[in-house]
Amino acid sequence: MAMSSTRPHPLPPLERLLVVGSGGRENALAWALRRCSGIEDVWVTPGNGGTKEHQGCGCLAIAETDVNGLIDACQSLQIDLVVIGPEAPLAAGVADGLREAGLAVFGPGAEGAQLEASKAWSKTLMAEAGVPTAKHWTVSTAADALSVLNQVQQPLVVKADGLAAGKGVCVADSIEATAEAIQEVFSGRFGAAGCQLVLEERLEGPEVSVFALCDGERLLLLPPAQDHKRLEDGDRGPNTGGMGAYAPAPLLDAAGLDLVRRVVLEPTLATLKQRGIDYRGVIYAGLMLTPSGPQVIEFNCRFGDPECQTLMPLMGPELAKVLQACALGCLDQAPELLIVDRCSACVVAAAAGYPNAPRKGDRLNIQLQPGPSLQLFHAGTRCTEEGDQLTNGGRVLAVVAQANDFDQAFSNAYQGLDQVYFEGITYRRDIGHQVRQS
Ligand code: AMP
Ligand code: GLY
């Protein structure tokens, strides 16, 4: 009997994956993907000191942006799906290069990655899509920026246009501080990222991260997560990449998440499509929940870190197939992604001197035994030829725990962290204070 033409095609076989990147996010992605049904091998490049700790995961030494090296490795290892973790290779067009070579890739091409790589581009797209976001002005000279400031006569948020490793934003408290931040961006401190500037009205409210897995047309939302950007307890000290997170963040209930889907993510994906961009990867909406509703603070073109480390242990064994379906533009044919209904808590341990000058080369002493509800993900670590694990970056590792409530999840994560040591270990004691009673 002939098959009906409307019957969905099954997804192609999926056994071997390559994850590109070297952070905690990629360690967690590799761990979660390796657990998925039918997966035999997960390679990570360039990976970190913890990549091989997860059974079935291997490390390659190819740079994130070495497209030809990645293509060669994918061919020789018969990789079925490439998952690109960080923004830099995405913005550099690595996904485009791999797709041209016929590979299935989870991660947007360079054009779509502009969502993160250019704040001006992203704000224009938000305006076109009617997405709620702070009023803004894009300027390309200090004089124009100061003239905007002079007109509005209020402190503004100053954002270097391009990728600046999370350091290109200044939330100024006064008009004078705004002017200083403007001068700093045009002083060349951010290189090419500082050629244009976005000035934004300052919003107030708690922040929450929402991740949508996209296949170009459809999207699937993950539970909201809350990051902790400041280095020190009480949300003090300098901004960091993120010192810990928890999910699901009760800040957005099911109705709130649905609102974000309707007013933020669907219009954004539709506008990308109208521009001819086939966006296959994560849209990360960094939101501020203001008294007048959720507003987009920023879009990123990848999973957040440490949010990804927090979320991965909640993902069911269908995750790999779901990412593959996104990569192939057929999310409607993916199995339903089961998401465990538990609380996940993640605490990051950073090196002394992070974020400005993290100290490296200290030996890790890890007594922690991971379990079904307790994980240790490596980030800034490396393995010596003798097999010693050393610190090798700002955010060194994270302990993640799941439980039926946040008190228990954080208690387990902190107990896990007590069994990890390196000289100068630095972490916040109050991660999840928003959802903890104890
Ligand atoms: P971004 O890199 O755009 O996420 O900005 C970094 C941080 O700056 C955000 O996580 C917010 O805490 C803060 N921020 C950015 N834009 C605004 C805004 N319009 N109003 C208030 N805070 C902001
Ligand atoms: N945790 C924030 C980020 O990944 O940008």
Side-chain angles (χ1 to χ4, degrees), residues 16-35 40-66 69-70 72-74 76-77 79 82-86 88-89 165 231 240-244 305-306 308-309 312 346-371 374-400 413 416-427:
R16 283 170 295 276
L17 282 88
L18 175 66
V19 175
V20 178
S22 62
R25 168 182 48 216
E26 289 76 28
N27 202 239
L29 279 167
W31 170 85
L33 291 167
R34 180 63 187 86
R35 296 200 309 169
E40 287 184 0
D41 293 313
V42 177
W43 295 95
V44 186
T45 191
N48 59 38
T51 304
K52 289 190 229 161
E53 298 263 298
H54 305 311
Q55 213 188 356
C57 294
C59 221
L60 302 175
I62 307 160
E64 289 169 5
T65 48
D66 176 1
L70 292 171
D72 287 348
C74 288
S76 66
L77 295 167
I79 296 295
V82 183
V83 177
I84 302 181
L231 180 70
T240 70
M243 295 299 291
D305 194 2
C308 181
Q309 302 188 56
M312 283 305 117
C346 167
V347 184
V348 170
Y354 177 69
N356 295 328
R359 149 187 173 141
K360 294 184 183 174
D362 291 303
R363 195 178 302 268
L364 303 184
N365 179 349
I366 298 173
Q367 302 299 325
L368 176 143
Q369 287 298 324
L374 184 68
Q375 304 82 32
L376 183 141
F377 294 128
H378 284 239
T381 69
R382 72 182 177 90
C383 225
T384 64
E385 280 180 7
E386 295 75 43
D388 289 330
Q389 289 175 323
L390 303 181
T391 64
N392 193 38
R395 290 186 292 172
V396 174
L397 50 82
V399 175
V400 189
L417 212 44
D418 283 342
Q419 297 167 64
V420 173
Y421 182 75
F422 54 86
E423 194 67 39
I425 185 169
T426 304
Y427 56 88

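Starting from 1, each residue takes its place in the sequence as its number. In this text, all values refer to a predicted model and were calculated from it rather than measured experimentally.
The two atoms that bring Pro370 and Leu368 nearest to each other are CD-O, 3.6 Å, heavy atoms only. A pairwise comparison of heavy atoms in Cys383 and Gln389 identifies SG-CG, 4.0 Å as the closest pair. The two residues Pro306 and Val348 come nearest to each other via the heavy atoms CB-CG2, 3.9 Å. Between Ala351 and Val396, the shortest heavy-atom contact is N-CG2, 3.7 Å. In terms of heavy-atom proximity, Met312 sits nearest to Arg35 at O-NH2, 4.2 Å. The shortest heavy-atom contact between Pro355 and Leu231 is CD-CD2, 4.2 Å.
Here the side chain of Arg395 pairs a donor or acceptor atom with the backbone of Asp305 at under 3.5 angstrom. At least one donor-acceptor pair closer than 3.5 Å links the side chain of Asn48 to the backbone N or O of Ala379. Remark: the backbone N or O of Thr391 is not paired with any side-chain donor or acceptor of Thr381 at under 3.5 angstrom. In terms of modelled atom types and a separation under 3.5 Å, the side chain of Thr65 and the main chain of Ala63 share no donor-acceptor contact. No donor-acceptor pair under 3.5 Å is formed between the side chain of Thr45 and the backbone N or O of Val20.
Put simply, the side chain of Met243 reaches to within 4.5 Å of the side chain of Tyr354, judged on heavy atoms. Counting heavy atoms from C-beta outward, Leu29 and Trp31 have side chains that stay 4.5 Å or more apart. Residues Val19 and Trp43 form no side-chain contact, since every pair of their non-hydrogen atoms from C-beta on lies 4.5 Å or further apart. Between Pro86 and Glu64 the shortest side-chain heavy-atom distance falls below 4.5 Å. With a 4.5 Å cut-off on side-chain heavy atoms, Thr384 and Leu390 count as touching.
Here Lys52 contributes atom NZ and Cys59 contributes atom SG; the two are 6.0 Å apart, rounded to the nearest 0.5 Å. How far CG of Asp41 is from CG of Leu33: 12.5 Å, rounded to the nearest 0.5 Å. Distance check, rounded to the nearest 0.5 Å: CD1 of Ile62 to SG of Cys74 gives 7.5 Å. Atoms CD1 and CG, on Ile425 and Leu397 in that order, are 6.0 Å from each other to the nearest 0.5 Å. Put simply, CZ on Phe422 and CZ on Arg363 are 14.5 Å apart, with the number rounded to the nearest 0.5 Å. To the nearest 0.5 Å, atoms CG (Leu60) and CG (Asp72) are separated by 11.5 Å.
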Kindly list each side-chain donor-acceptor pair under 3.5 angstrom involving residues 21-28, sequence neighbours excluded, with atom names and distances?
{"unit_1": "Arg25", "atom_1": "NH1", "unit_2": "Phe303", "atom_2": "O", "d": "2.8"}
{"unit_1": "Glu26", "atom_1": "OE1", "unit_2": "Gly23", "atom_2": "N", "d": "2.7"}
{"unit_1": "Asn27", "atom_1": "OD1", "unit_2": "His54", "atom_2": "NE2", "d": "3.1"}
{"unit_1": "Asn27", "atom_1": "OD1", "unit_2": "His378", "atom_2": "N", "d": "2.9"}

Does Glu423 form a side-chain contact (heavy atoms from CB on, under 4.5 Å) with Arg359? I'd like the steps, not just the answer.
CA-CA 9 Å; Glu423 194 67 39; Arg359 149 187 173 141; 2.9 Å; yes
Let's go through Val420 and Leu364 carefully: what are the C-alpha distance in whole Å and the side-chain angles of both, what is the deciding distance for side-chain contact (heavy atoms from CB on, under 4.5 Å) to 0.1 Å, and is it a yes or a no?
CA-CA 7 Å; Val420 173; Leu364 303 184; over 6 Å; no
